[in-house]
Amino acid sequence: MGEVRTRFAPSPTGYMHIGNLRTALYAYLIAKSNDGKFILRIEDTDQDRYVEGAIDVIYNTLKIVGIEHDEGPDIGGDYGPYVQSERKAIYEKYAKELIDRGGAYYCFCDKERLDNLREQSRNKKIPFKYDGHCRNLSKEEVVKRIEAGESYVIRQKMPQTGTTTFKDEVFGKITVENSSLDDNILIKSDGMPTYNFANVIDDHLMDITHVVRGSEYLSSTPKYNLLYKAFGWDIPTYIHLPLILREDGKKLSKREGDASFEDLYNKGYLKEAIINYIALLGWSPGTEEELFTLDELVERFKIEGLSKSPAIFDTEKLKWMNGEYIRKLSLEEFNKLATPYYDKAIKKAEVDYMILSKLMHTRTEVLSHIPEQIDFIDDLPDYDIDLYIHKRMKTTPESALKNLKEVYDVLEALDDWNFDNIHDNLMDLIGKLGVKNGQVLWPLRVALSGKQYTPGGGIELAELLGKEESLKRIKIGMEKLSKS
RNA sequence: GGCCCCUUGGUCAAGUGGUUAAGAUACCGCCCUUUCACGGCGGUGACAGGGGUUCGAAUCCCCUAGGGGUCACCA
């Protein structure tokens, strides 16, 4: 076999949802794991759906995640142009050839007639199929009507008997009755090809060896096969991918599912985690490992590892995996990524972000969750003194008040405000009082944060908030407690 | 509805005729511990159902059920 060539052929809708990205990933992996080429082709034959800037979304996403194409509209290649709207003349030529070969025909049926047909089949409760009205027009009549300026499309002429079988690498052999195949439109009345035609022409002309796409194309693949046959072309290796479903089992939709790469990325999921996670939706390395970089995926990827059944996109697991990637970051890297989120939550207080990052690093699964975890830094929330009661710690409002006073005095006397100093002095106090750590530290943590859970304990928070603010908050705590 | 496809714990999944049916996540418990988190240890939980084939079936065949895809001058 020659060089493996795969392609990712999105239509520019301005939106890269997770399923599309995964298709791109797999196409890339199949090419790269075979030292092949990965091509980007833009399928923009639907002019009504033109979206400004949509192609940039595609470029940007691929660039961010590191899926680099070897050929494409932006970088060229030997098989261009890589934008379908620029290949109009090519499709036209092949459509004519196909007509000559008897695999297609001109059709002059207008929308009204078609709608009528559709209405009829709906009433009869049978699936709509073009009735072949124009299938056998004479050449003369066709010429005459075209010259008269009648609008036309070109339809594929499906065999009316027999079956068509094709082999898919993941789904195996699939056979359908030719009679169930509709005479699809190949060239629209605006002269543009439909996907049904363009994908076959382009895949052939661009020497695509492995066609990778979602399983929603499974049912139209026989038609494409017939096209290849009509032209006498080699049929590529088909690799249809199982769908990715939403948590409720429905197909991903951009309306509700919100599972676009962009959304996830903006929410604070790391690109490495997203790629790693979606790689595992529908593919398994066959081992127990599950953390892979893109390069490692290239190394491990095998078509045999693809599964047939659809996978549900599970945010919980993505979260966990994102946490894994965050924990792998160095403190400095984490700090850098977290800073914008700190800025969002901290407007007034002056805190050392590196100290904060030490606390947040193992406590962050998704970056966007950072602000709510540190919302107490700017403003001490108005909390209930019940917070001072901790069963296991055996703290009560009374003991809390007593120990808070002790803490206040110790901390107030501290000149050098750093973790070790705070720690040692507080521990001394605890020793002197002869109580458990929690007796002192729990009330301190509550007084400083006013929250039930915080990143870090009393000592860490004291260091973070600084002497002045810490003392102020402890005082507030004592006041609350003595009032009760 | 026709056609096509799919079906192992809540989720992702290994498994290709003989296994105590992996692992991960989630959940629960214990340990660590100044809360939480991290980390460590342990636990609950699955072959959709029914028929075959076979000495033996999660693995092969059939039926049923459930789910999905597709039936456009969209891709």
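All chains are named by letter (A, B, ...) in the order of the sequence lines, taking the proteins before the strands, and each is independently numbered beginning at 1.
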Below 4.0 Å: OP1/OP2 of B/A75 and any side-chain N or O of A/Lys188: yes
Sugar-phosphate only, base, or nothing, as touched by A/Gln439 at under 4.0 Å among non-hydrogen atoms: nothing
Residue-phosphate contact under 4.0 Å: A/Trp442 side-chain N/O, B/U34 OP1/OP2: no
RNA chain B: 5'-proximal contact among A/Ser307 and A/Gln452 (nearest heavy atom): A/Ser307
Centroid separation A/His240 to A/Phe171 less than 6.0 Å: no
Sugar-phosphate only, base, or nothing, as touched by A/Cys107 at under 4.0 Å among non-hydrogen atoms: nothing
Of the listed nucleotides B/U25, B/U35, B/U34, the one nearest the side chain of A/Leu441: B/U34
Any N/O donor-acceptor pair, A/Ser189 side-chain to B/C73 base, under 3.5 Å: yes
Nearest-angstrom distance from the residue atom CG of A/Leu243 to C1' of B/U70: 11 Å
Distance between C1' atoms of B/U19 and B/C3 (Å, rounded): 39 Å
Aromatic contact, A/Phe301 with A/Trp283 (centres under 6.0 Å): yes
Polar side-chain contact A/Tyr453-B/A37 base: donor and acceptor under 3.5 Å: no
Base partner of B/A65, which must satisfy Watson-Crick or wobble distances under 3.5 Å: B/U7
Nearest-Å distance once atom P is located in both B/A48 and B/A13: 15 Å
A/Arg363 side-chain proximity, nearest of B/A37, B/A13, B/G69: B/A37
Sugar-phosphate only, base, or nothing, as touched by A/Gly323 at under 4.0 Å among non-hydrogen atoms: nothing
Pairwise C1' distance, B/G10 and B/G69 [rounded to whole Å]: 24 Å
Rounded distance (Å) that lies between atom C1' of B/A75 and atom OH of A/Tyr195: 7 Å
P spacing across the pair B/A72 / B/C12, given as an integer number of angstrom: 31 Å
Sugar-phosphate, base or nothing in reach of A/Ile459, heavy atoms under 4.0 Å: base
Separation of atom CG in A/Leu318 from atom C1' in B/A24, rounded to whole Å: 14 Å
Interatomic spacing from NZ in A/Lys96 to CD1 in A/Ile154 - rounded to 0.5 Å: 6.5 Å
Complementary nucleotide for B/G29 - Watson-Crick or wobble, under 3.5 Å: B/C41
Length of the CD-P vector between A/Glu324 and B/A26, whole Å: 9 Å
Nucleotide B/C36, atom P - distance to CG of A/Leu461 in whole Å: 14 Å
Length of the line joining A/Leu218:CG and B/C4:P, which is rounded to integer Å: 12 Å
G-U wobble or Watson-Crick pairing nucleotide for B/A21 (cut-off 3.5 Å, both distances): none
Distance below 4.0 Å between A/Arg392 side-chain N/O and B/U34 OP1 or OP2: no
B/G39 OP1/OP2 closer than 4.0 Å to side-chain N/O of A/Arg327: yes
Sugar-phosphate only, base, or nothing, as touched by A/Tyr217 at under 4.0 Å among non-hydrogen atoms: base
Counterpart base for B/A13, defined by Watson-Crick or G-U wobble contacts under 3.5 Å: none
Aromatic centroids of A/Tyr277 and A/Tyr269 separated by under 6.0 Å: no
Integer-rounded Å distance: B/U33 C1' and A/Met393 CE: 9 Å
Sub-4.5 Å side-chain heavy-atom contact between A/Gln84 and A/Pro193: no
Residue-phosphate contact under 4.0 Å: A/Arg49 side-chain N/O, B/A75 OP1/OP2: no
B/C71 pairs with, by Watson-Crick or G-U criteria that keep both distances under 3.5 Å: B/G1
Separation of atom OH in A/Tyr238 from atom C1' in B/C5, rounded to whole Å: 17 Å
Whole-Å C1' distance, B/C47 and B/G15: 10 Å
Residue pair A/Ile303 / A/His210: nearest heavy atoms and the distance that separates them: CD1-CD2, 4.4 Å
C1' gap between B/U44 and B/G9, integer Å: 10 Å
Separation between CG of A/Leu448 and CD1 of A/Ile476, rounded to the nearest 0.5 Å: 10.5 Å
Most 5' of A/Arg445 and A/Leu280 on RNA chain B, judged by nearest nucleotide: A/Leu280
Touch class at under 4.0 angstrom, heavy-atom based, for A/Asp48 against every strand present: nothing
Same-atom distance (P) from B/A24 to B/U70, integer angstrom: 36 Å
Base-pairing mate for B/A58 - Watson-Crick or G-U, with both contacts under 3.5 Å: none
Distance flag, aromatic centroids of A/Phe261 and A/Tyr15, threshold under 6.0 Å: no
Phosphate OP1/OP2 of B/G68: any A/Ser309 side-chain N/O under 4.0 Å: no
Heavy-atom donor-acceptor pair, A/Lys317 side-chain to B/A26 base, under 3.5 Å: no
Between B/A21 and B/A58 - P atom distance, rounded Å: 10 Å
